[in-house]
Number of protein chains: 2
Amino acid sequence: MIKVLLADDQALVRGAFAAMLGLEPDIEVVAQVSAGDEVVAAARRTTPDVALLDVQMPGKDGLSAALDLRQAVPSCRVIVCTTFGRPGYLARAMAAGAAGFVVKDASPEQLVDAVRRVHAGLRVVDPVLAAESLATGHSPLTDRERDVLAVARDGGTVADLAKALHLSEGTVRNHLSAAIGKTGARTRAEAVKVAEDSGWL
Amino acid sequence: MIKVLLADDQALVRGAFAAMLGLEPDIEVVAQVSAGDEVVAAARRTTPDVALLDVQMPGKDGLSAALDLRQAVPSCRVIVCTTFGRPGYLARAMAAGAAGFVVKDASPEQLVDAVRRVHAGLRVVDPVLAAESLATGHSPLTDRERDVLAVARDGGTVADLAKALHLSEGTVRNHLSAAIGKTGARTRAEAVKVAEDSGWL
DNA sequence: TCACGATCATGACATCTGTCATGGCCAGGT
DNA sequence: ACCTGGCCATGACAGATGTCATGATCGTGA
């Protein structure tokens with residue numbers, strides 16, 4: 001019997017996943033949480049074999065939750081599951097010690113298969129995404145460039161960004177300029193889009 | 001026996017929903033599609049009582065699919081289901097003849113409850129979202145302003161927008177200016193964000 | 001019929017943005 | 001000790017952006 005922990009902020013999909021996995025005779029859902037910072041506590045209580053973590057979650061995202069979980073409960077293997085097949089996510093998930101990476105476009109069979117394979121000690125990765133990840137490579141952005149782009153996401157002016165980051169406007173413009181150059185974009189908004197789609201934010 | 005049609009582009013959640021609904025003794029999933037333009041054909045084939053449509057889908061979004069479905073198969077009631085609880089979506093869903101509106105944050109019980117209520121001829125709407133929808137009101141944007149903002153989403157320059165819409169740059173700037181004013185934003189990017197979050201795009 | 005509002009366009013203007021040159025500070029590696 | 005590279009800052013400049021005034025066309029409804 002494979003004990004599974006589910007973490008997803010959307011109650012409906014969480015419940016649906018539980019129902020689907022519960023249909024398998026060798027799988028049992030032992031815990032469900034809706035936030036990243038509840039993962040470790042629930043895992044300590046229920047000692048699952050496999051944890052299925054969504055990337056987008058309130059409190060703490062699935063990637064850093066995976067890191068914490070690997071340290072707190074090493075016996076529990078992690079599958080990261082996300083709506084968006086962004087190359088950067090895969091890289092970060094693997095760096096965080098995840099054993100599997102599944103996109104929500106996958107078929108139900110692929111998910112239960114992933115659970116079984118990961119439980120057996122194998123690694124499971126979408127080959128298409130893996131190739132894309134290798135092609136995209138590591139984020140070219142420095143930490144500050146990433147920060148500036150992240151704040152620039154909600155469309156403020158340079159003055160707003162400077163205030164939010166406690167920097168001078170000139171510095172913000174420099175970081176933006178660098179980020180725009182590195183992403184191959186022509187506008188700040190385009191740079192945000194590229195970085196977001198690549199999973200660099 | 002309530003016959004249900006599922007439409008969602010993510011195979012995993014679609015399968016999970018099917019498993020969950022399948023557990024109910026009085027519900028049967030008779031069709032599953034992954035794109036908006038497959039809905040009507042599948043409904044004609046299987047004559048479902050209730051159709052559960054996601055808003056985000058390739059081909060044709062859930063809202064216009066709902067409209068088509070109401071005309072093609074009037075006996076089939078529609079529940080629109082979405083990740084994002086944007087006020088504008090609710091308004092458009094209702095205008096398209098939907099009988100129910102469910103956010104993916106809802107509990108599994110609420111969904112099956114919604115299916116049963118809608119099948120019984122009732123309307124099902126998240127009260128919180130309904131209030132927000134009424135507060136936000138109808139989109140203040142004209143069609144062209146909406147178009148311009150929609151194209152501006154991926155961060156091109158004014159020249160790019162003008163080319164894409166076959167307009168002069170001055171006109172594009174005017175529409176943008178109007179949209180920025182109406183949304184209470186200070187930048188084009190902010191305006192895009194506001195309009196997007198309100199479901200006006 | 002006439003007023004109104006949406007659409008499209010032009011031109012002018014102040015401001016904002018993106019780029020570049022330059023320089024100082026600091027940590028890590030040779 | 002020295003070089004490299006990230007970080008912060010300033011100042012200057014061309015080009016893009018947002019605003020405004022003005023005017024023309026067109027369809028709708030009073």
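Bear in mind that the values here come from a model prediction, so they are computed numbers and not experimental data. Atom set for the values below is all heavy atoms of this structure, side chains included, hydrogens, waters and symmetry mates excluded. Convention: sequence-line order gives letters A, B, ...; per-chain numbering from 1.
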May I have the list of side-chain donor-acceptor pairs in residues 53-60 of chain B shorter than 3.5 Å, sequence neighbours left out?
residue: B:Asp54; atom: OD1; partner: B:Gln56; partner atom: N; Å: 3.4
residue: B:Asp54; atom: OD2; partner: B:Lys104; partner atom: NZ; Å: 3.3
residue: B:Lys60; atom: NZ; partner: B:Asp68; partner atom: OD2; Å: 2.6

Just the rounded figure in Å: distance from P of C:dT7 to CG of B:Leu165. 12 Å
A:Val78 and A:Arg70, any side-chain heavy atoms less than 4.5 Å apart: yes
Is any side-chain N or O of A:Thr171 closer than 4.0 Å to OP1 or OP2 of D:dC7? no
Option from A:Val151, A:Asp160, A:Leu167 for which side-chain contact (heavy atoms from CB on, under 4.5 Å) with A:Val172 holds: A:Leu167
Measure from CG on A:Leu176 to P on C:dG18 and round the result to the nearest Å. 6 Å
Does some side-chain heavy atom of A:Gln10 sit less than 4.5 Å from a side-chain heavy atom of B:Thr83? yes
Starting at CG of A:Leu167 and ending at P of D:dT10, how long is that distance when rounded to a whole Å? 11 Å
Qualifying residue for side-chain contact (heavy atoms from CB on, under 4.5 Å) with A:Leu52, from A:Leu5, A:Leu111, A:Val102, A:Val118: A:Leu111
Testing the 3.5 Å rule here: is there a donor-acceptor pair between the side chains of A:Thr47 and A:Lys3? yes
May I ask you to list the residues of residues 183-201 of chain B, by number, that have any heavy atom positioned under 4.0 Å from an atom of DNA chain D? B:Arg188
Step by step, would you call A:Asp197 with A:Arg86 a side chain to side chain contact (heavy atoms under 4.5 Å, CB included)? CA-CA 6 Å; A:Asp197 289 350; A:Arg86 293 174 179 163; 4.2 Å; yes
Listed in order of residue number, which residues of residues 141-149 of chain B have a non-hydrogen atom at under 4.0 Å from DNA chain C? B:Thr142, B:Asp143, B:Arg144
Heavy-atom count around B:Asp26 CG within 6.0 Å, excluding the residue itself: above 12? yes
note: A:His166, atom NE2; D:dC8, atom P; distance rounded to Å ~ 12 Å
How about CZ on A:Arg123, more than 12 heavy atoms from neighbouring residues, nucleotides or ligands closer than 6.0 Å, or not? yes
When every nucleotide of nucleotides 24-30 of chain D is labelled 5' to 3' by its protein contacts under 4.0 Å (heavy atoms), B for base, S for sugar-phosphate only, - for none, what sequence of letters results? -------
Please give me the minimum heavy-atom distance between B:Pro48 and B:Ala43, naming the atom from each residue. CD-O, 3.4 Å
Provide, to the nearest angstrom, the distance between the CD atom belonging to B:Glu169 and the P atom belonging to C:dC13. 19 Å
Side chains of A:Ser64 and A:Asp61: donor-acceptor distance under 3.5 Å anywhere? yes
Under 3.5 Å between N/O atoms: give me all the protein pairs with nucleotides 20-27 of chain C, atom names plus distance.
residue: C:dC20; atom: N4; partner: A:Asn174; partner atom: OD1; Å: 3.0

Can you tell me if B:His175 touches the phosphate of C:dC8, counting only side-chain N or O atoms and a distance under 4.0 Å to OP1 or OP2? yes
Would you indicate whether the side-chain heavy atoms of A:Leu165 and A:Val148 approach each other to under 4.5 Å? yes
Take the protein atom CZ of A:Arg173 and the nucleotide atom C1' of D:dC13, then report the distance between them rounded to whole Å. 11 Å
So B:Arg153 and A:Lys193, side chain to side chain contact (heavy atoms under 4.5 Å, CB included) or not? Walk me through it. CA-CA 9 Å; B:Arg153 262 190 296 192; A:Lys193 211 173 142 47; over 6 Å; no
Tell me which nucleotide among D:dT10, D:dG18, C:dC8 gets nearest to the side chain of A:Ser168. D:dT10
Heavy-atom count check: over 12 atoms from other residues, nucleotides or ligands less than 6.0 Å from A:Arg117 CZ? no
Quick check: closest heavy atoms across B:Ala150 and B:Leu201, and the distance to 0.1 Å? N-CD2, 4.3 Å
Numerically ordered, the residues 154-162 of chain A set in heavy-atom contact under 4.0 Å with DNA chain C is A:Thr157, A:Val158
Does a salt bridge link A:Arg144 with A:Asp147, judged by any charged N lying under 4.0 Å from a carboxylate O? yes
